[in-house]
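Report on one structure; see the data block that follows.
In what follows, every chain begins at residue 1, and chains take the letters A, B, ... in the order their sequences are listed. In this text the structure is predicted, and so the values were computed from the model without any measurement.
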Amino acid sequence: MENYNFKAIEKKWQDKWEETGAFHAETNSEKPKYFTMIEFPYPSGAGLHVGHPRSYTALDIIARKRRMEGYNVLYPIGWDAFGLPTENFAIKNKVHPKIVTAKNIENFTRQLKMLGFSFDWSREVNTTDPNYYKWTQWIFLQLFKHGLAYKQEMPINWCTGCKVGLSNEEVVSGVCERCGSEVVQKRKSQWMLKITEYAQRLIDDLDDVNYLEKIKTQQKNWIGRSEGAEVKFKLSTGDEMVVYTTRADTLFGATYTVMSPEHPLIEKMKDSIKNYDEVLKYKAEAAKKSEFERTELAKDKTGVKLEGIYAVNPANGAELPVFISDYVLVTYGTGAIMAVPAHDSRDWDFAKKFNLPIIEVVSGGKNVQEEAYTDVYKGNMVNSEFLNGMPVKEAIPAMIDWLEKQGLGERKVNFKLRDWVFSRQRYWGEPIPLVHCDKCGWVAIPESELPLELPEIDTFEPGDNGESPLAKAYDWIETTCPHCGGKAQRETDTMPQWAGSSWYFLRYMDPHNNDALASKEALEYWSPVDWYNGGMEHTTLHLLYSRFWHKFLYDIGVVPTKEPYMKRTSHGMILGENNEKMSKSRGNVVNPDDVVNEFGADAFRTYEMFIGAFDQSTPWSQQGLKGCYKFLERVWNLQSIVTDEEGYSADLEKNMHKAIKKVGDDFERMKFNTAIATMMSLVNDFSKKGSVTRGEYMTLITLLNPVAPHMTEELWQIYGNDGLLSLQPWPSFEEEKTVDDEIEIVVQINGKIKDKLMIPAGLDRNGTQEAAMNTDKIKGLIEGKTVVKVIAVPDKLVNIVVK
RNA sequence: GCACCUGUGGCGGAAUUGGCAGACGCGCUAGACUUAGGAUCUAGUGUCCCCGACGUGAAGGUUCAAGUCCUUUCAGGUGCACCA
C-alpha cells in the first residue's frame, strides 16, 4: 500500500475528468434533468475566499449524488465580472478593466479547478463578454419596448473626492468608503425599471417555490405590502390633500397633518402660506441632508407649520394645522399623512416637540400623554362617535367603508418597494443600448446592432459633473437616430452589476447560442433551476431582481416558467479563527491555495462540509482541518485490512444499510457535517473490528465520493474497478435492514432514568410495558409505591408514574 | 426602533417527530510504540461532596416526559431603516 499522496492523486483525476468530459451536461438527454446552481463569483483580485467553496462544495455534493442517481446534471460556472472594484483598480493602475478581469478570471479558474468541482466548464459564461451582454442588452430593450424602462431625475451618492457616483454600500457614515471625502446627494436623470408593477406577483408566486422560510420573509418585507386607505382632506385654500393611512380607525384622533417637504401642493399654495420663506428654507435644508443624516436624526423631529392654512378632518370637521417635515417621505404613499400622536410613535415624538394635542381614540394602553399606544390587537375605540366600542380590527374596515360611502376616501394597497435605479455613471458595465434624438426622444437601437460594445477608451475616470466616463468617447456617442436618420447621441450610462446576474442561469442552458439568449428547446428542457444556493446577503436584491426579469420574460413568451428558481437555500459565513469576519485588515484570512497545498483539495472540501451547520456562520479552525485530513488518511489506510469478501459482513450489515440511508438523507437536508460524522463512525467500526470487506469498503468510498472525489476515485481504481467512480450508481439500502432486531429502551420512574434494557424491536405497547416492569431493579424501586400511570412508547421508553 | 436568526462541555457542533442531552471531530489526560514526537495506536474526558444528584443564556408555564412547545426576559448576529 502506498502512502496517501494527495498531490499526485488530485491532479491525475482532475485531468481524467476533463479528458473524458465526465461532467458535461447534455441538452435533451434521455435521463431526467437536474439543474443545480451556485451564485457565480465576482472574480476579484484577492482570489478565492474560503467562503466560496462552502457553497460550491455543498452543491457539488448534490450534483455528484444526482449524477450517481441517474440524472443528467447541469452544474455550471461563470463570472459576474462587471463591477466597481475592477474599475477602481483599472483607474488606479491605468490598466484596462478587460485585462484586469481576464487575469482575475484566470486565477479563479485555476483555484476552482484545483478543488475538483464537477462544473461543466464547457458552459462557462462571462457577463463582460460581448456575446453575453448582447443578451443583457436585448432584455433591456424588451423592457424598454414594453414601457418598463423610463428616465427620471433621481439623487445619487456623489463622492466629492473621487468624483464618482457611489452605491449605498460604499457610503459609510456619510463619507466615501475609500477616500473619506464627503458624500453629497446629486440629482441625475437615471434609467429606472418598473419592478413595482410586479410587486404583487413577486409576493404571490413565493407560494409556488421552495425557498427557506426566512428568505421568503425577507422578500416579503422588502416588497413591504400594506393595506390601508387614501383619505381626502380639504384644505382652507380649497385644495385637496390626500393622505395614506393604515389606521383609518384613528381618524378621530388626528390632531394635525404633515406633508413631505417635496410635496407639490406646497408650491401650488405658496401665495396662501404666510411663512413661505421659512418653508423654502426648510425645504432647502432637507434637500441638503443626505439619506444618512435623515435617518440618523430619526428621533429628533423637525418641521415647519404652514401658517395661514388648515386642513379639515373629514370625519368630524375639525380644523387641523398643516406641517411640513422630513419624517414624511415623498416617495411613499401620497407624501402626506394624517398624524395621530396618541397611536403612532413618530407622530407622538413630533407632537411633543411642537406641543400639539394628543387625543386617545383606542383604549387599552397606558396614558397616551406618556407614550403612544400602537397595538392593533387589543383595545377598543373611544372618542370616535360611530366607532366607539369596536375593536381596532373591526374599526379599520368600518371606517374605510364609511369614507368610501361618503366619497371621502378609498381602500388602497401600497408597497415599500421602489422602482429599480438602473443607471450607473461608470465605464465597466453594459452600455445601455439607446440613443437620444432631439426629434424622436429616446430610441432603441436595432436588435441587429447588438451587442453595443463598450468603446475603447484610455481613461476610465468619470467626469467632474458625475457623467459616465463614456461621455468622453465622442466618436462613439455621436450616431444617427434609427428612427428618423437624424443626428442622435448614445446613452452614456451603463447598467448596474445586478443586470448580468439577473438572467445568467438562462444562458447556462445554451451558452453559445448566437440567435437567442438560449434556444426554446434548451429553455424548455432545463427550466427551472432545481436548486440554487447562495449567500444570505443576496437573498433580497439579487433574488428579487432576477425574479422580476424572469417574470417579464415569461410574460413576453421567452421563458416557459413563472419562477426562475424552484428551491433556494443559503449558507452561513466562514469566520476567521478569532470568530471575526475574515479580512486582510484583521489578519485572519485563510488562503485556499495554502490549505490545498498542505492538506489537499479533498481534505479542504471535507473540512468545509464538516466545519459546522451549513446554514450557520462558524469560525475556521486549522485543528479541525487537520482532523478531517486524518479521517481521509484513515480511510486510505483501511486498505491494509480489506478482505476479499464482496458483500457486507454479518455483524456490520445493519450499520452499512443505516449509513447509506443516513448519508443520503443528510446530503439532501444539507446536514453535511452529520453525514461525514456517520462515515467517520463507520471507519471507527472497521478499525475496531480490524477488518473490512471489499464490499463494505467500496460502499464507503462511494458514499464519500461526492465529498472527497479524488481520493475515492483512486481507491476505486486500485481495487480494479472499471470506469469512473463519479459515474457509478449511488448505493442502495434496504429499509428493513436499517432497523435493529433488538433495541435498548429506557425505563423511567417519574421521568428519571432508572434502568435500561434490551427488548425485541417492534414490540407493542403492552409487551414493552411488561418487559420494563419486570426487571429486578424496577420491581425493587416500585415496591411499596402506588403505580399511578405507565406510559410506554414502543422502541423508545417506559415511564412509570408512582406515588 | 422594526423584522428575522442564534444561544447546548474547554472549542466546532449532534439530538429529522416532545421520549437516553453532549453523536462525530478538535483539544486535554494517561498508556503503548519510539533515539525523538507537533507522527501513529489504545483508553478516558459535561459538572458536583462521584452512592446519587445537577445540567441546553435567565425566569416562569404546559406535559407522565421539554434543548425541542407557550409566556416574559437577557445576550449576540444579520437585514431594513421615520414606509404612516
message: Applying salt bridge (Lys or Arg N to Asp or Glu O under 4.0 Å) to A:E410 and A:K412, what does each step give before you reach the verdict?
response: CA-CA 6 Å; A:E410 56 188 18; A:K412 174 82 192 195; over 6 Å; no

Which part of the nucleic acid does [X] contact within heavy-atom distance under 4.0 Å: base, sugar-phosphate only, or nothing?
| X | value |
| --- | --- |
| A:Q748 | base |
| A:R225 | nothing |
| A:S226 | sugar-phosphate |
| A:K754 | sugar-phosphate |
| A:Q616 | sugar-phosphate |
| A:M536 | nothing |
| A:K752 | sugar-phosphate |
| A:I791 | base |
| A:D615 | nothing |

task: Could you give me the CA-CA distance, side-chain angles and deciding distance for A:Y629 and A:Y607, then say whether ring-ring contact (aromatic ring centres under 6.0 Å, His included) is met?
output: CA-CA 8 Å; A:Y629 176 80; A:Y607 178 58; over 10 Å; no

Both distances under 3.5 Å, Watson-Crick or G-U wobble: report the partner of [N], or none.
| N | value |
| --- | --- |
| B:C69 | B:G61 |
| B:G76 | B:C5 |
| B:C48 | B:G52 |

To the side chain of [X], which of [options] is closest?
| X | options | value |
| --- | --- | --- |
| A:T217 | B:A3, B:A84, B:C64 | B:A3 |
| A:L329 | B:C20, B:A84, B:C64 | B:A84 |
| A:K214 | B:G19, B:C64, B:C4 | B:C4 |
| A:V793 | B:G19, B:C26, B:A84 | B:G19 |
| A:N673 | B:C64, B:A14, B:A23 | B:A14 |
| A:K662 | B:C20, B:U16, B:G25 | B:U16 |
| A:N799 | B:A65, B:A23, B:C26 | B:A65 |
| A:W222 | B:G27, B:C80, B:C54 | B:C80 |
| A:Y244 | B:C26, B:A84, B:C82 | B:A84 |
| A:T674 | B:A15, B:G27, B:A84 | B:A15 |

- prompt: Hey, are A:E230 and A:R411 close enough for a salt bridge, meaning a charged N less than 4.0 Å from a carboxylate O?
  reply: no

- prompt: Are any of the side-chain nitrogens in A:R586 or A:E580 under 4.0 Å away from the carboxylate oxygens of its partner?
  reply: yes

- request: Please state whether the base of B:C20 and the side chain of A:K756 form at least one donor-acceptor pair under 3.5 Å?
  value: yes

query: Between the side-chain atoms of A:K416 and the base atoms of B:C80, is any donor-acceptor pair under 3.5 Å?
result: no

Expressed in whole Å, how much space separates the [atom1] atoms belonging to [N] and [M]?
| N | M | atom1 | answer |
| --- | --- | --- | --- |
| B:G22 | B:U47 | P | 14 Å |
| B:C5 | B:G9 | P | 22 Å |
| B:C74 | B:A59 | C1' | 10 Å |
| B:A23 | B:A43 | P | 15 Å |
| B:C70 | B:C24 | C1' | 33 Å |
| B:G13 | B:A58 | C1' | 23 Å |
| B:G57 | B:U6 | C1' | 11 Å |
| B:G44 | B:C49 | P | 23 Å |

Are [X] and [N] close enough that a side-chain N or O sits under 4.0 Å from OP1 or OP2?
| X | N | answer |
| --- | --- | --- |
| A:Y327 | B:A84 | no |
| A:K630 | B:C26 | yes |
| A:T539 | B:G79 | no |
| A:Q218 | B:C4 | no |
| A:N750 | B:C64 | no |

- request: Check the chi torsion on B:C50 and let me know: syn if it falls within 90° of 0, anti if not.
  value: syn

query: Is the glycosidic angle of B:G79 within 90° of 0, making it syn, or outside that range, making it anti?
result: anti

query: So, A:S226 and A:Y244: side-chain donor and acceptor under 3.5 Å apart, yes or no?
result: yes

query: Side-chain donor-acceptor pair under 3.5 Å between A:D347 and A:Y327, yes or no?
result: yes

field: Earlier contact from the 5' end, RNA chain B, for A:V746 and A:K688
entry: A:V746

- prompt: On RNA chain B, nearest-nucleotide positions of A:G751 versus A:G333: which is more 5'?
  reply: A:G751

All N/O pairs under 3.5 Å across the protein-nucleotides 9-12 of chain B interface:
from, atom 1, to, atom 2, distance (Å)
B:G12, O3', A:T618, OG1, 3.1
B:G12, O2', A:I611, O, 2.4
B:G12, O2', A:T618, OG1, 3.4

message: Check the orientation of A:W420 and A:Y545. Use parallel for under 30°, tilted for 30 to 60°, and perpendicular for over 60°.
response: parallel

message: Between A:F599 and A:F604, is the ring centroid distance below 6.0 Å?
response: no

query: Are the aromatic rings of A:Y256 and A:F354 close, with centres under 6.0 Å apart?
result: no

- prompt: Looking at A:D740, A:D685, A:D666, which hits salt bridge (Lys or Arg N to Asp or Glu O under 4.0 Å) with A:K658?
  reply: A:D740

Kindly give the atom pairs (protein nitrogen or oxygen, nucleotide nitrogen or oxygen) under 3.5 Å for nucleotides 73-76 of chain B.
none

field: Reference residue A:T539; test side-chain hydrogen bond (donor to acceptor under 3.5 Å, both in side chains); the match among A:Q218, A:Q219, A:R568
entry: A:Q218

